[in-house]
Enquirer: 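Can you keep this structure in mind? I'll have questions shortly.
What's counted below: heavy atoms across the whole structure, side chains too, no hydrogens, waters or symmetry copies. Counting starts at 1 for both ligands and their atoms, in listed order.
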Amino acid sequence: MLIFERNSELKIYLDKIRAESRQIGFVPTMGALHAGHISLINESKKQELFTVCSIFVNPTQFNDKKDLENYPRTPEKDIEMLRQSGCDALFMPNAEEIYPKEDTRVFNFGELDTLLEGALRPGHFNGVAKVVSILFDKIKPNVAFFGSKDYQQVMVIKALVKQSNLPVKIVACPIIREADGLAMSSRNMRLTKEEREAAKLIPLLLNESKLLFKARKPISEIKGFIASKLAQKPTYKLDYFEICDPQDLHILTDKNEVKQGIALIACFVGNIRLIDNLLLD
Ligand code: PAF
């Protein structure tokens with residue numbers, strides 16, 4: 001696996017790959033890799049793409065400075081995992097390479113940017129859009145792979161690609177879960193043993209919400225049930241639990257007659273904020 005820190009060197013190399021008529025698959029990450037990230041690399045390799053991964057902890061998408069400082073960084077382990085996965089190239093730029101000058105662009109994703117994560121983390125998706133558009137410009141992938149744990153992020157990136165007319169196909173890959181159901185996340189490594197044990201309640205509650213949805217319980221009742229379960233546990237602080245339309249993330253209420261929804265949850269376990277989701281049908 002080749003490792004690049006500079007745009008200029010990466011560009012020369014990827015131009016050669018393109019000249020050989022090879023297609024590029026791209027997996028953008030912020031490092032602290034786990035099996036979920038590797039599943040994205042595997043999907044790219046399965047599609048016989050020249051696979052490029054990037055590791056860049058993007059400062060513009062953190063609305064909380066402490067969260068940025070505490071974001072886990074495990075570069076040696078990441079490189080080893082990527083080598084073993086068969087990833088072809090790794091781009092590990094510093095902030096200067098990505099943002100040589102301040103990026104003042106303001107994207108408009110409409111309602112997508114004002115609800116759920118958008119409402120609780122102002123500016124977050126604008127920062128994601130900045131870095132992803134910069135990385136797409138440098139790598140010029142044919143296909144880019146994202147994990148569905150960040151369901152709203154995938155929708156924002158699809159909107160970005162559409163409104164900026166970018167020639168890249170976005171593939172959303174399934175959530176990879178631990179044996180007890182907890183969605184894999186770089187943030188899980190910051191949980192204490194007790195918090196990690198407690199966190200398995202999140203997927204359990206999502207599954208319960210699916211059963212209730214199937215049983216046609218009113219959405220308000222399902223939401224009340226989840227909130228009351230979490231309120232009983234002092235380790236948890238619920239940011240949101242919503243059932244939305246999977247197509248546009250519009251928040252559903254009892255008034256909506258729907259056959260399909262997506263349950264999305266964000267909650268703190270101790271000091272660590274975790275998100276997860278599950279399709280309901
Ligand atoms: O999902 C992530 O890890 C990040 O938001 C991304 C897409 C790599 C942009 O920094």
Enquirer: Go through the steps for D88 and L2 under the test side chain to side chain contact (heavy atoms under 4.5 Å, CB included), then give the verdict.
Expert: CA-CA 7 Å; D88 296 296; L2 293 151; over 6 Å; no
Enquirer: Just to be sure I read this right, does ligand 1 sit under 4.0 Å from the backbone of T29, its side chain, both, or neither, counting only heavy atoms?
Expert: backbone
Enquirer: Go through it in stages, so that I can follow the logic: the residues are R105 and D103, the test is salt bridge (charged side-chain N to carboxylate O under 4.0 Å, His left out), and I'd like the CA-CA distance, side-chain angles, deciding distance and then a yes or no.
Expert: CA-CA 6 Å; R105 286 176 298 164; D103 184 346; 2.7 Å; yes
Enquirer: Grab the two heavy atoms, one from Q260 and one from Q247, that are nearest each other, plus how far apart they are.
Expert: OE1-NE2, 4.4 Å
Enquirer: Under a 4.0 angstrom heavy-atom cut-off, which atoms of ligand 1 come close to V131?
Expert: 9 (C), 10 (O)
Enquirer: Where is the tightest heavy-atom contact between I38 and S85, given as atom of each residue plus distance?
Expert: CG2-CB, 4.0 Å
Enquirer: Indicate yes or no: does an N/O atom of Q153 lie under 3.5 Å from an N/O atom of ligand 1?
Expert: yes
Enquirer: Is any side-chain N of the basic residue among R273 and E117 closer than 4.0 Å to the acidic one's carboxylate O?
Expert: yes
Enquirer: Do ligand 1 and N58 have nitrogen or oxygen atoms that lie under 3.5 Å from each other?
Expert: no
Enquirer: Can you list the atoms of ligand 1 that are under 4.0 Å from a heavy atom of Q61?
Expert: 4 (C), 5 (O), 9 (C), 10 (O)
